[in-house]
Amino acid sequence: MPALTYDDRVQLARLIVTLFDSWEVRAEDQVALLGLPPETSTLVLRRYYENEPLPDEPAMNERVDHLLGIADALRTSYPHNAHMGAIWMNRRNNRFDNRTPLAVLLEDGLPGFFAIRTHLDCAYDWDISGSKVR
């Protein structure tokens, strides 16, 4: 991700927690998806709705980049029904050993983020695959 201003990071934090809400992600799972320490209070999420940016750390930025890519791919896949993202994220999928995509993100960490994103976004998958061949 390119360097963002403080205000951009505040807006990004709001966007991410709003995205989690649209996917019907429980607060404690939001903490885990962001890669925050397990002892982090779920009350910290409220701050992201207000005026606090997400931590500007490489691991957090990578997770956010994947989450935005997943959200964009879901929006493109289901352009006429915004609620389909939540349905898809919470429905068991044979491709992921009959786990929900949300469970893959939570249980597998960054490899799970990558798996979900490449499954949804063939252009991202192709770009990554193409860069390995070169």
Side-chain angles (χ1 to χ4, degrees):
M1 265 193 322
L4 300 175
T5 67
Y6 181 87
D7 289 338
D8 290 340
R9 290 181 33 241
V10 166
Q11 288 181 322
L12 183 60
R14 261 188 231 124
L15 176 68
I16 291 298
V17 291
T18 300
L19 175 66
F20 288 154
D21 287 346
S22 76
W23 288 349
E24 302 170 3
V25 179
R26 297 178 319 159
E28 52 275 1
D29 290 340
Q30 292 181 29
V31 168
L33 288 174
L34 290 171
L36 296 169
E39 66 276 2
T40 302
S41 168
T42 58
L43 296 176
V44 78
L45 299 170
R46 176 61 36 207
R47 294 183 204 155
Y48 297 139
Y49 282 106
E50 295 165 0
N51 289 319
E52 188 168 320
L54 293 169
D56 189 15
E57 300 168 354
M60 174 75 69
N61 293 339
E62 185 174 5
R63 286 171 176 267
V64 167
D65 182 55
H66 283 302
L67 289 166
L68 293 174
I70 291 166
D72 189 48
L74 286 168
R75 182 190 53 76
T76 303
S77 296
Y78 304 105
H80 302 293
N81 187 346
H83 191 63
M84 278 303 296
I87 292 169
W88 192 85
M89 290 298 290
N90 289 286
R91 182 176 285 161
R92 294 185 182 277
N93 189 313
N94 289 337
R95 167 75 168 82
F96 305 115
D97 298 325
N98 209 32
R99 296 184 294 166
T100 67
L102 186 56
V104 173
L105 296 177
L106 290 165
E107 295 167 7
D108 297 355
L110 279 175
F113 282 65
F114 184 78
I116 298 299
R117 187 170 181 187
T118 56
H119 175 75
L120 284 169
D121 187 348
C122 62
Y124 177 78
D125 188 28
W126 184 81
D127 186 46
I128 296 298
S129 298
S131 65
K132 290 179 185 175
V133 174
R134 294 180 196 148

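In what follows, residues are counted from 1 in the order of the sequence shown.
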Please tell me if the side chains of Glu28 and Leu106 come closer than 4.5 Å, counting only heavy atoms from C-beta onward. no
Determine the minimum heavy-atom distance between Ala73 and Asp121, stating which atoms define it. CB-CB, 4.0 Å
Looking at Val25, Leu110, Leu33, which one forms a side chain to side chain contact (heavy atoms under 4.5 Å, CB included) with Leu105? Leu33
Could I get the full list of ring pair (Phe, Tyr, Trp, His ring centres under 6.0 Å) partners for Phe96, not counting sequence neighbours? His119
Distance, nearest 0.5 Å, that separates CZ of Arg47 from CZ of Arg14: 15.0 Å
Where do Arg117 and Gly69 come nearest, in terms of heavy atoms and distance? NE-CA, 3.7 Å
First locate atom CG of Asp56, then atom OH of Tyr6, and finally report the distance between them rounded to the nearest 0.5 Å. 11.5 Å
N/O donor-acceptor pairs under 3.5 Å from side chains in residues 34-46, not counting sequence neighbours:
from, atom 1, to, atom 2, distance (Å)
Thr40, OG1, Pro37, O, 2.7
Ser41, OG, Leu43, N, 3.1

Heavy-atom closest contact (Leu74 atom, Gly85 atom, distance): CD1-CA, 4.0 Å
Asp8 and Leu4 have their tightest heavy-atom pair at CB-CB, 3.9 Å
Look up atom OG1 in Thr100 and atom CH2 in Trp23, then write down how far apart they are to the nearest 0.5 Å. 11.5 Å
Answer with yes or no whether the hydrophobic clustering places Val10 together with Leu19; edges join I, L, V, M, F, W, Y residues whose side-chain heavy atoms lie under 4.5 Å apart. no
How far apart are the C-alpha atoms of Asp29 and Phe20, what are their side-chain angles, what is the distance that settles it, and do they pass the side-chain contact (heavy atoms from CB on, under 4.5 Å) test? CA-CA 9 Å; Asp29 290 340; Phe20 288 154; over 6 Å; no
Which residue in the set Asn90, Leu120, Ile116 passes side chain to side chain contact (heavy atoms under 4.5 Å, CB included) when paired with Pro101? Ile116
Between Met60 and Pro55 the two heavy atoms that sit nearest each other are CG-O, 3.4 Å
Considering all heavy atoms, the nearest Thr118-Ala115 contact: OG1-O, 3.2 Å
So, does Asn93 use its side chain to make a donor-acceptor pair with the main chain of Arg95 at under 3.5 Å? yes
Pairwise distance CZ(Arg63) to CD1(Ile70) - rounded to 0.5 angstrom: 11.0 Å
